[in-house]
Amino acid sequence: MRAALCVALALGLVASLLCDAAGRQFTEEEMAGIRQRIKSMFYHAYNSYLDNAFPYDELRPLTCDGQDTWGSFSLTLIDALDTLLVLGNQTEFQRVATLLQDTVDFDIDVNASVFETNIRVVGGLLSAHLLSGRAGLEREIGWPCAGPLLRMAEDAARKLLPAFQTASGMPYGTVNLLHGVSPTETPVTCTAGVGTFILEFATLSRLTGDAVFENVARRALRALWHTRSDIGLVGNHIDIMSKKWVAQDAGIGAGIDSYFEYLVKGAIMLQDEELLDMFLDYDRAIQNYTRFDDWYLWVQMHKGTVSMPVFQSLEAFWPGLQSLLGNLDSAVRTFQNYYSVWRQFGGLPEFYSIPQGYTVDKREGYPLRPELIESAMYLFRATGDHTYLQFGLDVLESIEKITKTPCGYASVKDLRDHQLDNRMESFFLAETIKYLYLLFDPAHFLHGGEDEGAGSWEEGGEGGQCVLGAGGFIFNTEAHPLDPAALHCCSRHTQERQELHDLLLSLSQPAKPGAGRAPPPPPLKQTEAPPLSQSESIALKPGERKAAPVLSCPVQPFSARLSVLGQVFSDDT
C-alpha cells in the first residue's frame, strides 16, 4: 500500500498545482473588495431562504421552496444568526433574535438528531446570546449568566438529555423532542455522536450554574475513551448499550471527526488537561497507524491495517486543528494535499481515492462544506502566508461559478460534471460563509484584531466586573463562536454565591466548644492576580465597592499565542 501511494504522489501533483498560488500578496484594498463579494454571496442565499423557505429548516434552491430536515425549527435562521453579526448587520440580528423568541417552540412531536440539534441549535443560540451585546440588544442584569437566548438554548438542550440516560452514559443518536427516546430507537450511533457535546454543554452549565449538562457530556467522553482499542484507536460506530464496536474503521473523517475536534477545543476553552491528554494519546496512534505521506487513511482499529485508502472532505478540518496545537509543518503539508484536490475538481468530493487520484463511486458530491476553509483561516493566522488567501479566492470563484442559482446556492451532486442537488444546508450560512469572511478579515473582533478587538471589550457579570470579548473565541463544529471568558465569569459568580451561602449557614450554626476562628489569609500582593480557581473575598466594608482582580476573566491564556501563531497552549502550559 505504501508503494502504491508513493507512486500516486510522486506525480508531483501537489507541487505543480500550488506553485502558481504562492507568491501573490493581497493588499488590504483587495481583501476589502473580496469581503464585499462574500457579503453579497451571503445575502443572496439568506434572502432567498427568507423569501422562499422560512419557516422551514432549509432552502431548496433549485425549486425555490423549503423543507424540514433536522427538526422543524427554522434551522437555517438559527444557524445564520451569529453570521449576521460577524458581517456587521446589527439591525437584522436584532430582528431575527426577537423573531426566534416569538416563533420557535421545542415542545414538538419531532424526532431530532441529538448531534445536529446540539451543534446547530444549542450552539447557535449560545453564540448569539454571547454576542448579543455587540448587536445592541438590551441585556438582562447579570448577562452573560442570564438572557432570553440563553434560556432558549437551555430549553433545547434539556430536550436532548433523555438521550444520555443510558447505562453506559453514551447517548442515543435520536430523541423525540416531546416524548424522549423511542423504545425502538437503535443503540448504534457514530463516535462523533457520542463525543461532540462538551463545548455546548459545558458552556450551558457554566453560564446557568446547572452542572447536569457538563456532567453528561463528560460521562459520555470518558465512556468512549475506555472503549478504544489496544493500539489506541476508536472505530466509526458503536453500540452504546453493549459498548461493542459495530463499525471498526478508524480515521479522522466522517463519523469521528468532531470527537477529536472537541477534545482539543474543549481542552482550550476549559483549560482542561484531561481532555488534552486524551487527544494527544489519540494523536500518537493516528500518526503511527493512519498517516501516509501527509494523507490520513482509514485503518482497522485493532490491527492498524489499511481498510480504505481514501480522503474524505470532512477530514479537511485536521490541518486547522493541528495548527491550534502548534504542529504547523505537518498541518501545512496536509493542507497542500487537500488543496490539490480542490484545484482538481473545484470543490472537495465526499470521498477521494488517494491511489487512483479520483473520486469514489457514489461519493462525488460537494454539499458546500466549510472544513478546508476553516483550516485555511487558522493557517493564515498562524503563518501569514497569502497562499491561504489565494485558496479563499479560489473557493469564492468556484462556489459562484458552479453552485449559484437564482434562489441561493445548491449543493453539487457530482463534481465531475457539476450537476447540482436541490439542497442548501444551513451550515453554508453558519460555517462556509463565516470562515470565508473571517479568512479575509484578520482584524475582526473574533480574532482579537487590533482594529476592532482592542477597543471592543465588554463588561459583564454582576456589577460589570468581568472582561468579555477580548479574544480567544472558540468555534464549535458548526462555527458558532463561544467566549471562554464568559464561562469563567459566570462560574466565579456561582462560586461566590455558594461561598456566601456557606458563610451564612456557618454563622447560623452554634460554635463548637473550643473552636476558634481561623486566622485570615495574608493579602495578595498588588502585582499578583488571584488564581483562576480562587474566588474573591465576599466580605466588604460598608460602602466599599468590590474591585475586579487584575484579570477578572481569562484573557491572556487565550489570546497570547493564538493571535500571533494560531496556537493556544503556551510552552509552559
Side-chain angles (χ1 to χ4, degrees), residues 26-51 76-100 123-139 143-144 147 149 370 373-374 376-377 380-381 389 392-393 395-396 399-400 408-409 426-460 468-476 478-483 486 563:
F26 287 76
T27 66
E28 175 51 41
E29 290 74 18
E30 289 177 308
M31 294 170 66
I34 293 171
R35 290 197 297 272
Q36 288 302 315
R37 292 182 61 185
I38 297 168
K39 283 186 177 181
S40 298
M41 179 186 297
F42 172 83
Y43 287 113
H44 176 63
Y46 178 76
N47 291 331
S48 294
Y49 168 77
L50 290 180
D51 294 340
T76 293
L77 207 55
I78 295 176
D79 236 358
L81 182 54
D82 57 14
T83 307
L84 286 167
L85 189 60
V86 169
L87 301 182
N89 193 336
Q90 296 183 355
T91 302
E92 183 65 1
F93 181 99
Q94 294 173 10
R95 187 189 75 84
V96 172
T98 302
L99 177 65
L100 291 174
L125 291 171
L126 284 173
S127 177
H129 163 71
L130 293 173
L131 296 175
S132 58
R134 295 178 181 273
L137 287 178
E138 183 176 351
R139 295 174 294 186
W143 178 90
L149 294 174
I373 309 169
E374 176 187 10
M377 182 194 75
F380 178 61
R381 293 175 62 191
L389 297 182
L393 184 57
V395 170
L396 176 62
I399 292 176
E400 285 282 279
Y409 295 86
S426 67
F427 60 65
F428 177 66
L429 296 180
E431 299 185 77
T432 307
I433 294 289
K434 185 184 295 159
Y435 282 134
L436 194 57
Y437 186 85
L438 291 173
L439 170 63
F440 286 95
D441 193 2
H444 197 278
F445 74 84
L446 286 176
H447 295 320
E450 292 183 2
D451 290 350
E452 296 181 62
S456 58
W457 292 10
E458 298 177 280
E459 291 184 352
L468 304 177
F473 287 86
I474 305 298
F475 293 90
N476 85 335
E478 192 76 4
H480 295 306
L482 303 172
D483 187 354
S563 62

Trainee: Within the 4.5 Å heavy-atom criterion, are L50 and L77 side-chain neighbours or not?
Mentor: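 In contact.
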Trainee: State which residues pass ring pair (Phe, Tyr, Trp, His ring centres under 6.0 Å) with F42; sequence neighbours excluded, sorted by chain then number.
Mentor: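 For F42 the ring pair (Phe, Tyr, Trp, His ring centres under 6.0 Å) partners, ignoring immediate neighbours, are Y46.
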Trainee: Between L389 and L393, is any pair of side-chain heavy atoms under 4.5 Å apart?
Mentor: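 A side-chain contact is absent here, since even the closest heavy-atom pair is not under 4.5 Å.
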Trainee: Backbone N or O of A479 within a donor-acceptor pair of the K434 side chain at under 3.5 Å?
Mentor: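 Side chain of K434 to backbone of A479, a donor-acceptor pair under 3.5 Å: yes, one is there.
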Trainee: Can you find a pair of side-chain heavy atoms, one from I399 and one from T432, that are under 4.5 Å apart?
Mentor: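 A side-chain contact exists here, since the closest heavy-atom pair is under 4.5 Å.
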Trainee: Would a 4.5 Å heavy-atom cut-off, applied to side chains only, mark Y43 and N89 as touching?
Mentor: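 They are in side-chain contact.
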Trainee: Can you list every pair that meets salt bridge (Lys or Arg N to Asp or Glu O under 4.0 Å) and has a residue in residues 90-100, with sequence neighbours left out?
Mentor: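 Residue pairs with at least one partner in residues 90-100: E92-R95.
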Trainee: Side chains of R381 and P442: does their closest heavy-atom pair fall under 4.5 Å?
Mentor: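 The answer is no; the side chains never approach within 4.5 Å.
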Trainee: Who are the side-chain contact (heavy atoms from CB on, under 4.5 Å) partners of E30, not counting sequence neighbours?
Mentor: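 Counting only residues at least two positions away or on another chain, E30 forms a side-chain contact (heavy atoms from CB on, under 4.5 Å) with R24, F26, T27.
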Trainee: Run the side-chain contact (heavy atoms from CB on, under 4.5 Å) test against A430 and tell me which residues pass, sequence neighbours left out.
Mentor: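 In terms of side-chain contact (heavy atoms from CB on, under 4.5 Å), with neighbours along the sequence ignored, A430 is linked to D79, E478, H480.
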Trainee: Please identify each residue that fulfils ring pair (Phe, Tyr, Trp, His ring centres under 6.0 Å) with Y437, with sequence neighbours left out.
Mentor: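 With sequence neighbours excluded, Y437 shows a ring pair (Phe, Tyr, Trp, His ring centres under 6.0 Å) to no residue whatsoever.
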Trainee: Of all residues at least two apart in sequence or in a different chain, which pass the ring pair (Phe, Tyr, Trp, His ring centres under 6.0 Å) check with Y49?
Mentor: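 Applying ring pair (Phe, Tyr, Trp, His ring centres under 6.0 Å) to Y49 gives none.
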Trainee: Could you check whether any side-chain heavy atom of M377 comes within less than 4.5 Å of a side-chain heavy atom of F475, counting everything from C-beta outward?
Mentor: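 Yes, at least one pair of side-chain atoms sits under 4.5 Å.
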Trainee: Does E28 come within less than 4.0 Å of R35, counting only side-chain N to carboxylate O?
Mentor: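 A salt bridge is present here (some side-chain N lies under 4.0 Å from a carboxylate O).
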